[in-house]
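Structure, as structure tokens:
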Amino acid sequence: MSGGDADGMQRRWSHLRKVLERSGPFCHPDFEPSSETLNFLMSTCKILVIGAGGLGCELLKDLALMGFKDIHVIDMDTIELSNLNRQFLFRRKDIGKSKAEVAADFINNRIPGCRVTPHFCKIQDFDESFYRSFHLVVCGLDSIVARRWINGMLISLLQYEDGELDRTSIVPMVDGGTEGFKGNARVILPGVTACIECTLDLFPPQVTYPLCTIANTPRLPEHCIEYVKVIQWPRESPWCDVPIDGDDPAHIGWICEKASERATQFGIMGVTYRLVQGVVKNIIPAVASTNAVVAAACATEAFKLATSCCVPMDNYMVFNDADGIYTYTYEAEKKEDCLACSQVPRVIDIEGPDVKLEGLITILRDDPALQMKNPGLTAMVDGKNRTLYMPTVASIEEKTRVNLTKTLGELGLENGHEVAVADSTTPVTVVLRLRYNGADGDVEMK
């Protein structure tokens with residue numbers, strides 16, 4: 001490197017050196033000013049960005065310009081025309097290509113020394129060893145299910161010795177989310193602070209349509225789409241044995257065709273491929289400026305966590321620029337009986353042993369603190385591990401379907417019985433303990 005290049009590099013990072021090589025009133029108590037901190041950031045720190053959409057593009061740009069050199073990005077989507085108005089790393093020529101790969105190429109070519117490694121796949125395609133290799137995870141997701149899954153994965157990495165958390169096993173997560181002109185950023189230290197599941201009831205409920213309306217008196221194109229999704233898909237689609245994949249063109253195309261036919265029958269206009277995908281995936285319109293602000297907040301928190309130069313956010317920031325600019329920060333509290341991060345099984349209150357298994361599954365789906373999608377249940381009954389219901393495997397679902405109409409008592413589930421639940425919202429099986437209303441005393445493990 002020539003003398004001029006070396007001077008240029010010194011000037012490029014001079015603003016960071018002022019922060020990292022000097023102490024100040026807002027420094028973290030454990031912060032020690034050193035020239036080695038920037039070297040760690042640029043040569044050792046390994047960071048994972050999940051999502052290369054509106055937030056993800058901003059995050060990649062911010063983190064790369066901030067000095068992070070070893071960045072990985074995961075995204076399973078391809079670029080669409082509608083992405084180009086806010087996902088600025090993409091161009092028209094990139095339509096149809098992998099978001100992760102195009103975003104990585106753009107950053108690598110634009111920012112010297114930065115190495116972004118793309119992964120064009122689902123987050124579920126990697127195991128614990130992959131996620132354990134990172135110092136920090138930053139999420140720019142539009143899916144609550146994906147947030148819950150990665151939250152569960154990072155919690156599963158935690159190690160305990162004699163009941164005490166080994167803090168070296170913590171992989172911090174910075175999570176950002178936007179919804180129109182609203183957004184939020186949060187810092188999660190798995191096992192220490194509130195996790196995604198602790199605050200699950202903060203997420204806005206998904207829009208639902210009454211079954212009687214979509215079946216008998218549809219008035220909107222969304223009603224026709226929902227009818228096909230709920231009624232026709234499991235009965236008529238070629239893929240009736242599998243859940244709808246909102247990113248599969250074949251799935252969306254079939255739903256669009258059937259919804260258009262139903263809309264024509266009722267004289268309804270407006271069913272389009274984009275609307276179908278929006279309803280199926282619950283897509284909410286994004287605003288570029290909101291993405292930029294929230295991503296900047298997330299990148300700042302990532303920098304603080306990686307360098308300890310400042311106390312990180314504690315721990316949830318809300319942003320709203322619908323009417324002016326309004327923001328505030330508060331501490332979301334960790335739940336002692338959190339489904340994901342507590343060390344004890346969560347107790348589920350049930351009316352009694354006369355409740356049917358399908359009623360229990362409805363509770364798991366509708367409870368704001370659980371919000372499971374397609375739970376499968378197993379339990380130890382008479383000393384044997386018994387599959388009560390497993391919806392994700394067609395052959396097992398057919399054999400266990402009869403259990404849905406049986407009562408919990410008929411299935412041998414007593415007060416205090418523990419039920420293991422597998423769901424797409426978590427990478428690990430969670431344990432729930434049944435408590436029948438009116439039962440005497442505390443529940444005992446069965």
Side-chain angles (χ1 to χ4, degrees), residues 47-63 66 73-75 86-87 123 136-155 171-190 192-207 281-306 310-335 338-341 368-369 371 425:
I47 190 166
L48 174 65
V49 175
I50 302 180
L55 267 178
C57 286
E58 293 281 355
L59 285 168
L60 289 170
K61 176 259 296 181
D62 291 345
L63 293 170
M66 193 172 276
V73 58
I74 301 177
D75 198 297
R86 63 193 181 281
Q87 298 174 24
I123 56 176
L136 187 65
V137 174
V138 185
C139 295
L141 292 161
D142 60 1
S143 167
I144 297 175
V145 172
R147 278 190 178 88
R148 296 174 67 182
W149 192 93
I150 190 63
N151 176 77
M153 171 56 73
L154 297 183
I155 289 173
V171 178
M173 178 169 74
V174 180
D175 177 56
T178 62
E179 180 181 319
F181 290 100
K182 301 177 183 179
N184 70 275
R186 64 186 302 181
V187 174
I188 297 174
L189 303 179
V192 178
T193 64
C195 72
I196 296 291
E197 296 288 340
C198 288
T199 56
L200 191 58
D201 52 356
L202 292 179
F203 290 106
Q206 294 189 1
V207 177
K281 297 180 64 176
N282 192 35
I283 295 174
I284 299 170
V287 177
S289 58
T290 309
N291 285 336
V293 171
V294 171
C298 290
T300 300
E301 294 306 317
F303 180 81
K304 290 193 288 185
L305 288 169
C310 188
V311 177
M313 183 193 334
D314 188 21
N315 52 26
Y316 200 112
M317 186 272 286
V318 176
F319 173 79
N320 188 338
D321 63 348
D323 299 300
I325 297 179
Y326 175 69
T327 181
Y328 69 96
T329 304
Y330 70 93
E331 179 185 1
E333 296 185 357
K334 189 174 184 289
K335 278 188 177 180
C338 174
L339 191 64
C341 66
Q371 296 187 37
T425 59

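Treat the numbers as computed from the prediction; the structure is a model and nothing was measured.
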Nearest heavy atoms of [X] and [Y], plus distance in Å:
X      : Y      : result
Gln371 : Arg148 : O-NH1, 2.5 Å
Pro172 : Leu189 : CB-CD2, 3.8 Å
Glu58  : Ala288 : OE2-O, 4.4 Å
Ile155 : Pro190 : CG1-CB, 4.1 Å
Cys298 : Gly176 : SG-CA, 3.6 Å
Ala52  : Cys57  : O-SG, 3.6 Å

State, yes or no, whether a side-chain contact exists between [X] and [Y] at a heavy-atom distance under 4.5 Å.
X      : Y      : result
Asp321 : Val293 : no
Thr199 : Arg186 : yes
Leu63  : Phe303 : no

Passes side chain to side chain contact (heavy atoms under 4.5 Å, CB included), Ile144 versus Leu200? Steps please. CA-CA 9 Å; Ile144 297 175; Leu200 191 58; 4.2 Å; yes
Is a donor on one side and an acceptor on the other found under 3.5 Å between the side chain of [X] and the backbone of [Y]?
X      : Y      : result
Thr178 : Gly183 : no
Asn151 : Ile196 : yes
Asn315 : Ala332 : yes
Glu301 : Met313 : yes
Arg86  : Asn291 : no

Roughly how far, to the nearest 0.5 Å, is the [atom2] atom of [Y] from the [atom1] atom of [X]?
X      : Y      : atom1 : atom2 : value
Phe319 : Tyr328 : CZ    : OH    : 13.5 Å
Arg147 : Cys139 : CZ    : SG    : 7.5 Å
Glu179 : Asn184 : CD    : CG    : 9.5 Å
Ile50  : Met173 : CD1   : CE    : 8.0 Å
Thr193 : Asp314 : OG1   : CG    : 8.0 Å
Met153 : Ile123 : CE    : CD1   : 8.5 Å

Got more than 12 heavy atoms from elsewhere within 6.0 Å of CD, Glu333?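 12 or below, so no.
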Determine whether more than 12 heavy atoms belonging to other residues, nucleotides or ligands lie under 6.0 Å from atom NZ of Lys335. yes
